[in-house]
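Working notes, beginning with the structure itself.
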Amino acid sequence: MSMSPSILSVLSEDLLVRVYEFLDPPCRKTWRLISKDFLRVDSLSRTTIRILRVEFLPTLLFKYPNLSSLDLSVCPKLDDDVVLRLALDGTVSTLGIKSLNLSRSTAVRARGLETLARMCHALERVDVSHCWGFGDREAAALSSAVGLRELKMDKCLSLSDVGLARIVVGCSNLNKISLKWCMEISDLGIDLLCKMCKGLKSLDVSYLKITNDSIRSIALLLKLEVLDMVSCPLIDDAGLQFLENGSPSLQEVDVTRCERVSLSGLISIVRGHPDIQLLKASHCVSEVSGSFLQYIKALKHLKTIWIDGAHVSDSSLVTLSSSCRSLVEIGLSRCVDVTDIGMMGFARNCLNLKTLNLACCGFVTDVAISAVAQSCRNLETLKLESCHLITEKGLQSLGCYSKLLQELDLTDCYGVNDRGLEYISKCSNLQRLKLGLCTNISDKGIFHIGSKCSKLLELDLYRCAGFGDDGLAALSRGCKSLNRLILSYCCELTDTGVEQIRQLELLSHLELRGLKNITGVGLAAIACGCKKLGYLDLKLCENIDDSGFWALAYFSKNLRQINLCNCSVSDTALCMLMSNLSRVQDVDLVHLSRVTVEGFEFALRACCNRLKKLKLLAPLRFLLSSELLETLHARGCRIRWD
Amino acid sequence: MSSSKKSSDGKSSEIEEAVASLTMPFNKILLTSSDGESFEIDEAVARKFQIIAHMIEDDCAGKAIPIDNVTGDILSKIIEYAKKHVVEPDEDEDEEAKKKLDSWDAKFVEKLDLETIFKIILAANYLNFEGLLGFASQTVADYIKDKTPEEVREIFNIENDFTPEEEEAIRKENAWTFNG
């Protein structure tokens, strides 16, 4: 019997708030159930929330008056009408909201945005990424939020220079903006942005067809610290030369896949910014050699460098590492010249290494891995995809020395066998493990993972032919924290094994492609136990009968994305799925041999107000009613015809 | 012992104090708990308690400072923590030192029961010792982590004042309406 006094008699409410602030989100939900006083603390102290169903938006905003961050990105039914009704609701207070996430809210347009900007006076951060219909009118609506500091507009495909101009004129305090994939933006827009938002610290113009003129404008930004220009096809060395004497505060630059950029462009950046901390130049530079290495010597603060795909000799690698001893992360994937000698020298110099990517470095052997494991004790992430010469010897060193290892990618590593898995399982902090295409492993090896890697969050066993029911049972018993599991094409699996997945209560992402031996029994067990399932891929699982789909429709209320291609689902079962799964936004319904046109019509009508992405067989375009297709389009759904 | 003498000649007392601070670089402060226990500590340690730091700034710190709301046993624990944390190691600069300190913190709190931790929270709040207040609050939060509501009520001796319907409604809310 507990003799201690009740916590409530000892700690005042504001001290309880202190304790509350240290709880993670699941614990906060438990906290709410303890007593009325605790519920009150939660109501007054909660500052961030992610709404799951738009019907509850007004009630929740009323309950939580002190919110500063509101995430509406998983409310597929959110639209202008909902927002307008909210504005008229006198009980709701949105004055404290500083951060608003409207990513993928494709049904919210200019009217809704204008209302939201008006309701949330204190707005500083807005995310409207993937709102493909977000255009200039929407930008104008958003520009009324004058306090805006951070704006994420990735994939706002309809945004043009005109809309961008409205924003930069209205929100001159912007310090972070992402225009990734906003394909209509040109040099004009970027130029105006740089002239109006002088305090800009972070800029992402990846994938845009901007030219060197934009970089001339960007170089004028005195406070710019982070510049992302991934895959900008028209940028070249002449443009990067502008950066040499410009943007004095630059700390991070990413020019991955800029085809026209070469080593001399990198040299310009590095020459002008000796304090740079992050440099990503994957798959653009063809060679890292002499002249560049000279300038690298001055980079005392370099923490991250990606030179994937470049020719890097062993001696260059060693020179690089001896100059930049504080390197924490290096990307060397597809640097085929790298051998054990280079890696051993590198490991000796860069003792603080945490992340190492050696994917497709075919000449790297166990010797290199052992050297890295022994020298770099802080190693957290190691990517060795397609390193065919790695065997259990290298993995033994990892198991022995790399106690902090969290992520290990051994996809397509032919040399990985059960012994190797036994060694790896000693890395008890492992969270993400990829063993796709490792054909030499069997249940024996998986038993070790299942029994020792209890912190495992993600496991990829794509096409691991030797993996079967017993292995899956062991995993389901031992790795309770798993949230992502890929078992596609592990054809040995049957219902017996797959049923065990129901023990993984935290599972949210599950891929079961091509499992011909599983039926409705297996699927029903999963649906029943994995309540948090959000993503499910059942493509080519031809033998799942309707009983499985009925169970899915009944239990899996949190499903957001589902792939049913080539499944034997019937008309009624499909209709049940689409009407009951109220959070589904993304569906793949190609090659459903048992579903008739009427079946599709009914099923899609049932969910047309919340669907955002849909894949259907091309002939259906002419067979489905135009009414249905128009409604889908009006609600912001994108249809891909296969 | 720090003292501020205000003599008629302000300048000479300033010089006296300057000389005193040169010859005795570390001033000592005396703290007395509510039950009469006294603790002599370095000024640097005492400054971790904001209310004392303010008193020193405002020149109100006399020879001995009474801490009325805190008993001796709790005060000694708080001083023990403060002594270890006089200089907080920078995570980036000195990872070794940070790790050692974290492990000392873990051992420190392992031996304490819940009631003592509550009292430490109260005392740290009164003394305005932010570092310990945060650490102790985190410790209580860790007690709650991964437990069911019933278990938490048991540990903290809290009565469940929800009706079964109210409790069910909250559970439903937790499951279906929001995350985070």
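Naming convention: chains lettered A, B, ... in sequence-line order (proteins, then strands); numbering from 1 in each chain.
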Evaluate the side-chain contact (heavy atoms from CB on, under 4.5 Å) criterion for residues A:L39 and B:I170: first the C-alpha distance (whole Å), next the side-chain angles of each, then the deciding distance (0.1 Å), finally the verdict.
-> CA-CA 9 Å; A:L39 185 63; B:I170 300 175; 3.9 Å; yes

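- How far CG of B:N179 is from CG of A:L52: 4.5 Å, rounded to the nearest 0.5 Å.
- Closest approach of A:F22 and B:A141 over heavy atoms only: CB-CB, 3.6 Å.
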Show me, pair by pair, the donor-acceptor contacts under 3.5 angstrom made by side chains of residues 31-38 of chain A, not counting sequence neighbours?
unit_1, atom_1, unit_2, atom_2, d
A:W31, NE1, A:F38, O, 2.9
A:R32, NE, A:D42, OD2, 3.0
A:R32, NE, A:Y64, OH, 3.1
A:R32, NH1, B:E173, OE1, 3.2
A:R32, NH1, B:N174, OD1, 2.7
A:R32, NH2, A:Y64, OH, 3.3
A:R32, NH2, B:E173, OE1, 2.7
A:S35, OG, A:D37, N, 3.4

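- Few gaps surround CZ on A:R377; more than 12 heavy atoms of other groups in view lie less than 6.0 Å from it.
- At a threshold of 4.5 Å between non-hydrogen side-chain atoms, the residues A:R46 and B:F178 count as touching.
- Looking at heavy atoms from C-beta onward, B:K147 lies out of side-chain contact with A:T30 at the 4.5 angstrom threshold.
- Most heavy-atom pairs under 4.5 Å with chain A, from the set B:K145, B:E167, B:R153: that is B:R153.
- At a 4.5 Å heavy-atom cutoff, the contact between B:N160 and chain A is made by backbone and side-chain atoms alike.
- Counting non-hydrogen atoms of neighbouring residues, nucleotides and ligands closer than 6.0 angstrom, the CD atom of A:E505 reaches no more than 12 such neighbours.
- For a residue to count as touching a neighbouring chain, one of its non-hydrogen atoms must lie under 4.5 Å from one of that chain's; by this rule B:E166 touches chain A with the side chain only.
- At most 12 heavy atoms of other shown residues, nucleotides or ligands fall within 6.0 angstrom of atom NZ in B:K83.
- Of the atoms belonging to A:D71, not a single heavy atom falls under 4.5 Å from chain B.
- A distance of 9.0 Å separates CG in A:L16 from CD1 in B:I121, rounded to the nearest 0.5 Å.
- Sequence neighbours left out, not one pair with a member in residues 526-535 of chain A passes side chain to side chain donor-acceptor pair (under 3.5 Å).
- In A:K557, the NZ atom is crowded: over 12 heavy atoms of neighbouring residues, nucleotides or ligands sit closer than 6.0 Å.
- Of all heavy-atom pairs spanning B:W176 and A:R53, the tightest one is O-NH1, 3.0 Å.
- Under the 3.5 Å distance criterion, the side-chain polar atoms of A:R18 are left unmatched by any main-chain donor or acceptor of B:L133.
- Residue contact with chain A, scored on non-hydrogen atoms closer than 4.5 Å, is absent for B:D142.
- Nearest heavy atom pair, residue A:L60 against residue B:T177, reads CD1-O, 3.9 Å.
- Annotation: the span from B:N125 atom CG to A:L15 atom CG amounts to 4.5 Å, rounded to 0.5 Å.
- Note: B:G134 leads B:A175, B:G134, B:A136 in heavy-atom pairs under 4.5 Å with chain A.
- For a residue to count as touching a neighbouring chain, one of its non-hydrogen atoms must lie under 4.5 Å from one of that chain's; by this rule B:T139 does not touch chain A.
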